[in-house]
J.: 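Once you've had a glance at the structure underneath, I'll fire off some questions.
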Amino acid sequence: MVDVPWGKFPTLAADQEARRWLQFMANIGRAPNTIDAYGRAVDDHLRFCAAEGTEPLYAKADTVAAWIGEMLERPPGRPRGKGASRAGPGLANATVQQRVVAVRSFYEFLVEDGLRERNPVRRGQAGRRGRRPKRGLVRRIEQAPWIPTEADWQRILEAARAEPLRNRLMVSLAYDGALRREELVQLSGDDFDPAYSLIRLRAETTKSKRSREVTYGEATGQLFMAYLAERRSLVGRVGGPLLRSTSNRNPGGPLGASSWSKIVEHLSSTSGVSRLSTHTFRHLRLTDLARADWTIDQIAQYAGHRDLATTMRYIHLSGRELAARFHRANTTLHADRERLLARLLETR
């Protein structure tokens, strides 16, 4: 049985059916981050139900709607993530969406177990065969991922130059491979193929649980070889995770995902690029592949996306690039118009 950190979700842990559901989700292999997010979501819902005097086994759609309404009006706590501050009240749209999905899963578990007849959390449906799509309970707000300008990117790299060799390698790998945070920190030396400048990402380290290959450039290759030599002098010849801690508390131990987050926060502070996050390197790399005229299928394969719609959220052009393209197109069109008008100078 997989261990679940019950202390993070006290209300859920005290509810027998909710506890069974979360243990079930952990046992079937849901990622630890998913268990944490789902646990917090259902814990929040159960606390709302308790305040309303409603038992989850008898909760109806209006209770779910009231909970969603409360989240949309809830005073925001401490902003999390770069650029996460909001002018108005209410939790972020993505947070509400995530919590509704988790609570829908919980009620679906109760339905399958015969403890409820219907799921009170309505599911949205895509329009098929000419039918109108059915919207879910919460309207999804799609925002394009932020990518740094060229000036921002230069400031980030300049700040990274002052970092230890390991951190510089992490920045380079995160960009070249378009790596997620967990994929980066779980890299092993055996995952690298220097002859072809390839990194083989193992299925168990990826979000989609599918293996894939990504590449890296010459600069990253040189940083990699230099770090291997430095690592050998610090911790000796050891296998396992590539990236190792140099802290006094955990010398030589595997580097955790939170450590990479702290490194990026420091880079954000020293570079003055406040919106920098661990995902920025991935966003920029995928956008650069689009700029290099890779097809959407090629980019999706490189990113490890199952759904092309997910890839489309990463592939976007900045306003500056759109303006430049418009100017080039308009200039060409104007030249064509002038050439045709010049024919009026000629008599037949």
Side-chain angles (χ1 to χ4, degrees), residues 1-124 134-141 143 181-182 207 257-258 261 277:
M1 184 177 293
V2 179
D3 290 333
V4 175
W6 300 111
K8 293 183 177 181
F9 340 106
T11 306
L12 180 151
D15 185 287
Q16 180 181 356
E17 304 306 332
R19 189 181 180 106
R20 286 180 55 238
W21 163 77
L22 193 61
Q23 185 65 66
F24 171 81
M25 298 297 284
N27 288 345
I28 63 175
R30 292 291 186 266
N33 285 348
T34 301
I35 296 300
D36 183 75
Y38 275 28
R40 293 180 188 278
V42 174
D43 189 81
D44 185 85
H45 178 67
L46 293 179
R47 281 189 278 110
F48 178 83
C49 288
E52 295 289 309
T54 303
E55 287 288 336
L57 290 178
Y58 308 104
K60 297 184 178 179
D62 56 351
T63 299
V64 176
W67 170 60
I68 293 173
E70 189 273 334
M71 287 193 291
L72 294 175
E73 295 296 328
R74 187 179 301 177
R78 181 176 64 88
R80 299 183 64 182
K82 303 300 176 184
S85 60
R86 300 183 302 279
L91 302 182
N93 177 263
T95 301
V96 176
Q97 290 278 354
Q98 183 188 66
R99 292 188 177 187
V100 169
V101 169
V103 170
R104 181 190 297 127
S105 173
F106 166 58
Y107 280 119
E108 192 63 36
F109 177 81
L110 298 181
V111 171
E112 292 177 354
D113 226 26
L115 299 175
R116 285 188 59 101
E117 183 177 348
R118 298 181 62 184
N119 191 329
V121 185
R122 187 177 71 195
R123 183 188 297 272
K134 184 178 180 181
R135 205 179 83 182
L137 293 176
V138 182
R139 189 180 188 90
R140 185 179 297 275
I141 300 174
Q143 295 184 352
R181 186 178 66 159
E182 287 74 15
K207 184 177 181 180
S258 61
S261 295
S277 72

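All values reported here derive from a predicted model rather than from experimental measurement.
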J.: Within the structure provided, determine whether F106 and M25 are in side-chain contact (heavy-atom separation under 4.5 Å).
T.: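 The answer is no, as the side chains (C-beta and beyond) never meet within the 4.5 Å cut-off.
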J.: Check E117 against V111 and note the closest heavy-atom contact, atom names and distance.
T.: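 For E117 versus V111, the nearest heavy atoms are O-CG1, 4.0 Å.
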J.: I want to check something: taking the side chain as every heavy atom from C-beta on, are L12 and L22 in contact at a cut-off of under 4.5 Å?
T.: yes
J.: For the residue pair A102 and V42, what are the closest heavy atoms and their distance?
T.: O-CG2, 4.0 Å
J.: If you compare all heavy atoms of R122 against all heavy atoms of R104, which two are closest, and at what distance to 0.1 Å?
T.: O-NH2, 3.3 Å
J.: Rounded to the nearest 0.5 Å, what's the gap from CZ on R99 to NE2 on H45? Could you check?
T.: 12.0 Å
J.: List the atom of L46, the atom of P56, and the distance in Å for their closest heavy-atom pair.
T.: CD2-CG, 3.4 Å
J.: Under a 4.5 Å cut-off applied to non-hydrogen side-chain atoms, are M71 and F48 in contact?
T.: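 No, too far: nothing below the 4.5 Å cut-off.
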J.: Sequence neighbours left out, what pairs pass side chain to side chain donor-acceptor pair (under 3.5 Å) with at least one residue falling in residues 50-69?
T.: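 Sorted pair list: D44-W67.
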J.: Looking at T95 and L91, what are the two nearest heavy atoms and their distance?
T.: CG2-CD1, 4.2 Å
J.: Does F109 reach the side chain of R20, with side-chain heavy atoms less than 4.5 Å apart?
T.: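 Sidechains of R20 and F109: in contact.
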J.: Could you list the residues that satisfy salt bridge (charged side-chain N to carboxylate O under 4.0 Å, His left out) with E108, not counting sequence neighbours?
T.: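 Counting only residues at least two positions away or on another chain, E108 forms no salt bridge (charged side-chain N to carboxylate O under 4.0 Å, His left out).
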J.: Any non-hydrogen side-chain atom of V4 less than 4.5 Å from a side-chain atom of F9?
T.: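 When only atoms from C-beta onward are counted, F9 and V4 do touch, with a gap below 4.5 Å.
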J.: Can you list everything that forms a salt bridge (charged side-chain N to carboxylate O under 4.0 Å, His left out) with R116? Sequence neighbours excluded, please.
T.: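 For R116 there are no salt bridge (charged side-chain N to carboxylate O under 4.0 Å, His left out) partners, ignoring immediate neighbours.
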J.: So, do N33 and R181 sit near enough that their side-chain heavy atoms are less than 4.5 Å apart?
T.: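 N33 vs R181: side chains touch.
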J.: Rounded to the nearest 0.5 Å, what's the gap from CD1 on I35 to CG on N27? Could you check?
T.: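 Between atom CD1 of I35 and atom CG of N27 there are 8.5 Å.
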J.: Taking atom CZ of R19 and atom CG of D15, what is their separation to the nearest 0.5 Å?
T.: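 If we round to the nearest 0.5 Å, R19:CZ and D15:CG are 10.5 Å apart.
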J.: Among residues at least two apart in sequence or on other chains, which ones pass salt bridge (charged side-chain N to carboxylate O under 4.0 Å, His left out) with E73?
T.: none
J.: What pairs with D36 under side-chain hydrogen bond (donor to acceptor under 3.5 Å, both in side chains), at least two apart in sequence or on another chain?
T.: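 K8, R40.
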J.: Go through the structure and list residues passing side-chain hydrogen bond (donor to acceptor under 3.5 Å, both in side chains) with R30, not counting sequence neighbours.
T.: none
J.: Any sub-3.5 Å donor-acceptor pair from D43's side-chain atoms to T11's backbone N or O?
T.: yes
J.: If you round to the nearest 0.5 Å, how far is OH of Y107 from CZ of R118?
T.: 14.0 Å
